[in-house]
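Presented below is the structure to which this report refers.
To find a chain, count down the sequence lines: A is the first, B the second, and so on, and within it residues start at 1.
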Amino acid sequence: MSLEDDLLKQRLARIREIEALGYRPYGRRFDFSHTIPEILGGYGAKTAEELTPEVRVSVAGRLMTLRHMGKAGFAHLQQNGERLQIYVKKDAVGERDFQLFKLVDIGDFIGVDGYLFRTRTGELSIHVEKLEFLSKTLLSMPEKWHGLEDVETRYRQRYLDLVANPDVRKVFVTRARIISSLRRQLEAHQFIEVETPMMQPLYGGAAARPFITHHNTLDIDLYLRIAPELYLKRLVVGGLDRVYEINRNFRNEGLSTHHNPEFTMLEFYQAYTDYQGLIELSQELLAQAARDAVGTTEIEYEGHKLNFSRLERYSMREAVVRFWQGDGRPTMEDVANPEWLLRNSDKSTAGEALTDIFERHVEEKLIQPTVVYDYPVETSPLSKNKPDDPAFVERFEIYAAGMEIGNAYTELNDPQEQRRRFEMQLSMRERGDEEAHQMDEDYVRALAYALPPTGGEGIGIDRLTMILTGCRSIRDVILFPLLRPEGPIDLVRQLRELDGV
RNA sequence: GGGCCGGUAGCUCAAUGGUAGAGCAUCGCCCUUUUAAGGCGGUGGUUGCGGGUUCGAGUCCCGCCCGGCUCACCA
């Protein structure tokens, strides 16, 4: 018999003992008077004298440590990531509750009533007078001082990671703060939140390979969206002048420390502005999100101090010249010269070559939060041309810590030009570019009803969260990152065999 | 997909090619202010899976599975 079987058997037997004492092994509602963080916040600094007269509390949580000492014992309850010690003495709780205390395991949920006191060693604790059993754990918790280290188990069983590693919990609390800060700010700017299709008959708004699914009743294939962009701009056509959406995009591409197949994107569109207006708004949004999430705009990330109070700004050509490392550093004349560009890239047009060179030589060097603007038209099929240079578009991306975290442009609102851009993309597709944009005639039709001058932007929530929480891998900011399915777990068989034993 | 690294008890980790171990957890006994509680005594292993080499494999070789990092692709 394996240990696991043995443990399960012991725990299941214990459930019957708990029932025999008259408690529910899987309890019901428990009306606590305080959360554990509230008690630590409110009384954590109080001396023993200040805890008289008695402060009565009623608290629930998961047992994380257990120290039996004959006719008394100590334990720590954990709730919302924080721990509070309880002291259970036979004289104080009575025979029946003390029998229950002898049956609890690390990992069980219990509720206690009692009063606050300080132990001989000074730790704020609850002197328990009544115990309630709330829920039984059948499996043993991770080890008490190393926590859960195995990366694979941490991702597959995130609930254990969250219980055992308080810092992991903090990352996801910070993530929630970032999102709520962005929502609050956009609402304050009169943006309204909308939801657009995740399942789309045509995919667009980015360059990526899609996931394909099928609707049975309509008998049609649909794509999981790679971006919400084209739907959001249809809404601006319809008079929703300021819209945003925070939701998942799906891209059927590689996994890495910076890529998960489903990831969260904020996209927002503002009528009557352009990319310059969006740079100002971006700077404001990011600085305030940093302040709201971590209390400062000075962010330590992998040994660098990032300053989110402002965005550095370079045109793509300037960025290539300025951040080029090593030999062959070009001049501004070089990066404007198609011959030089095509010599330094295997791409077939000057614009694609410039983007290619930028991505290979510059992107990872952009550590400080930086805006790179003025992109070649070839790689930007939905952006508006620069009026003085139609080979470039009014587009920028935001980089920080060597990662792209945002992408924005003045939206192309001329349907005739949009049709030409789509046709240019189709010819790229015919030359083998699988990620070139599809023709979306309904979108052209929407533009034909007139899209006002508009600026639009996307911000990658996962990557922004990585930077603001100091995480090196995107998997550390996504609760359940995509992994290959694991092998047999074999718990159901064990439970079945032990059922009623 | 390529390269590198890893997978040993529930958890965290050891183990020159020579009897698979420790701490925590778990079980029994003792203990009414402990806190990595303590004391005494136990249980627990298909060393990821499958082959091979060898008198003998956790260890060496081959294949596969899972994961991490990295390169490529991408945001």
Inset, instruction - For B:rU54 versus B:rG18, give the span between their C1' atoms, rounded off to a whole number of Å. - result: 12 Å
Legend entry - Centroid separation A:Y375 to A:Y409 less than 6.0 Å: no
Legend entry - Inter-nucleotide P distance (B:rA22, B:rG56), Å rounded: 28 Å
Legend entry - B:rC49 pairs with, by Watson-Crick or G-U criteria that keep both distances under 3.5 Å: B:rG63
Inset, instruction - For B:rA72 and B:rU19, measure between their P atoms and round to the nearest Å. - result: 46 Å
Legend entry - Residue closer to the 5' end of RNA chain B, A:N260 versus A:H68 (nearest nucleotide): A:H68
Legend entry - Whole-Å distance separating the CD atom of A:E359 from the P atom of B:rC73: 9 Å
Legend entry - Main-chain N/O of A:Y203 paired to A:Q438 side chain as donor or acceptor, under 3.5 Å: yes
Legend entry - Listed nucleotide nearest any side-chain atom of A:F74, set B:rU26, B:rU34, B:rU12: B:rU34
Inset, instruction - Remember a base hit wins even if backbone is also touched, and classify A:D91 as base, sugar-phosphate or nothing at under 4.0 Å, heavy atoms. - result: base
Inset, instruction - Under 4.0 Å between any heavy atoms, over every strand shown, what does A:G487 touch: base, sugar-phosphate, or nothing? Just pick one. - result: nothing
Inset, instruction - Determine whether any donor atom in the side chain of A:D6 lies under 3.5 Å from an acceptor atom in the base of B:rU43, or the reverse, and answer yes or no. - result: no
Inset, instruction - Look at all strands and tell whether A:K71 reaches a base, only sugar-phosphate, or nothing, counting heavy atoms closer than 4.0 Å. - result: base
Legend entry - Separation of the C1' atoms in B:rG50 and B:rG39, to the nearest angstrom: 47 Å
Distances under 3.5 Å between nitrogen or oxygen atoms of protein and nucleotides 21-23 of chain B:
from   : atom 1 : to     : atom 2 : distance (Å)
B:rG23 : N2     : A:E143 : OE2    : 3.2

Inset, instruction - Please say whether the positively charged group of A:R96, taken as NZ for Lys or CZ for Arg, lies over the ring of A:Y23, i.e. under 6.0 angstrom from the six-membered ring centre and within 45 degrees of the axis. - result: yes
Inset, instruction - Take atom C1' in B:rC66 and the same atom in B:rU47, then report the distance between them in whole Å. - result: 16 Å
Inset, instruction - Can you tell me, in whole Å, how much space there is between the P of B:rG2 and that of B:rC62? - result: 16 Å
Legend entry - Whether A:N165 side chain and A:V168 backbone form a donor-acceptor pair below 3.5 Å: no
Inset, instruction - Send over the distance from A:H127 NE2 to B:rU34 P, rounded to a whole Å. - result: 13 Å
Inset, instruction - Tell me whether the OP1 or OP2 atom of B:rC27 has a side-chain N or O from A:R14 closer than 4.0 Å. - result: yes
Legend entry - Pair A:R83-A:T65, side-chain donor/acceptor within less than 3.5 Å: no
Legend entry - For atom NE2 of A:H258 and atom P of B:rA75, their distance in whole Å: 14 Å
Inset, instruction - Please check if the side chain of A:R475 supplies one atom and the backbone of A:L482 the other of a donor-acceptor pair under 3.5 Å. - result: no
Legend entry - Span that lies between the P atom of B:rC31 and that of B:rA20, in whole angstrom: 39 Å
Legend entry - Which nucleotide in B:rC69, B:rC11, B:rU34 has an atom nearest any side-chain atom of A:E123: B:rU34
Legend entry - Donor-acceptor contact below 3.5 Å, side chain A:D433 vs main chain A:E435: yes
Inset, instruction - Could I get the full list of salt bridge (Lys or Arg N to Asp or Glu O under 4.0 Å) partners for A:E486, not counting sequence neighbours? - result: none
Inset, instruction - Take A:R118 and A:S140, find for each the nucleotide of RNA chain B with the closest heavy atom, and name the residue whose nucleotide sits nearer the 5' end. - result: A:S140
Inset, instruction - Provide the Watson-Crick or G-U wobble partner of B:rC11, both distances under 3.5 Å; none if there is no partner. - result: B:rG23
Inset, instruction - Take atom NZ of A:K102 and atom P of B:rC29, then tell me their distance rounded to the nearest Å. - result: 9 Å
Inset, instruction - Answer with base, sugar-phosphate or nothing: what part of the nucleic acid does A:R463 contact at a heavy-atom distance below 4.0 Å? - result: base
Legend entry - Salt-bridge contact A:E411-A:K384 (side-chain N to carboxylate O under 4.0 Å): no
Inset, instruction - Both distances under 3.5 Å, Watson-Crick or G-U wobble: report the partner of B:rC40, or none. - result: B:rG28
Inset, instruction - For B:rU34, take OP1 and OP2 only and decide whether either is under 4.0 Å from a side-chain N or O of A:R120. - result: yes
Inset, instruction - May I ask you to check whether over 12 heavy atoms, not counting those of A:M198, lie within 6.0 Å of atom CE? - result: yes
Legend entry - Candidate nucleotides B:rC11, B:rU26, B:rU12, ranked by approach to the side chain of A:D150 - the nearest: B:rU12
Inset, instruction - Could you give the distance separating B:rC65 and B:rC29 at their P atoms, to the nearest angstrom? - result: 49 Å
Inset, instruction - Could you tell me the separation between the CZ atom of A:R209 and the C1' atom of B:rG1, rounded to a whole number of Å? - result: 12 Å
Legend entry - Touch class at under 4.0 angstrom, heavy-atom based, for A:A206 against every strand present: nothing
Legend entry - Nearest-nucleotide pick for A:I106, side chain only, options being B:rA25, B:rU33, B:rU70: B:rA25
Inset, instruction - Round to a whole Å and report the spacing from CZ of A:R11 to P of B:rU43. - result: 20 Å
Inset, instruction - Classify the side chain of A:Q85 and the base of B:rU34 as holding, or not holding, a donor-acceptor pair under 3.5 Å. - result: yes
Legend entry - A:E364 CD - B:rA75 P separation (whole Å): 16 Å
Legend entry - Phosphate-side-chain proximity, A:R154 and B:rC11, N/O vs OP1/OP2 below 4.0 Å: no
Check the interface with nucleotides 65-68 of chain B: list each N/O to N/O pair with the protein under 3.5 Å, or write none.
from   : atom 1 : to     : atom 2 : distance (Å)
B:rC66 : O3'    : A:R156 : NH2    : 3.1
B:rC66 : O2'    : A:E152 : OE1    : 3.1
B:rC66 : O2'    : A:E152 : OE2    : 2.2
B:rC66 : O2'    : A:R156 : NH2    : 3.4
B:rG67 : OP1    : A:R484 : N      : 2.7
B:rG67 : O4'    : A:E152 : OE1    : 3.0
B:rG68 : OP1    : A:R475 : NE     : 3.3

Inset, instruction - For A:H146 and A:E143, test the side chains for any donor-to-acceptor distance below 3.5 angstrom and give the result as yes or no. - result: yes
Inset, instruction - For the pair A:R118 (side chain) and A:K46 (backbone), establish whether a donor and an acceptor sit closer than 3.5 Å, ignoring hydrogens and angles. - result: yes
Inset, instruction - Both distances under 3.5 Å, Watson-Crick or G-U wobble: report the partner of B:rC69, or none. - result: B:rG3
Legend entry - Sugar-phosphate, base or nothing in reach of A:I405, heavy atoms under 4.0 Å: nothing
Legend entry - Output field: ring centroids A:F422/A:H437 closer than 6.0 Å: yes
Legend entry - Rounded interatomic separation in angstrom, taking CE from A:M141 and C1' from B:rG10: 11 Å
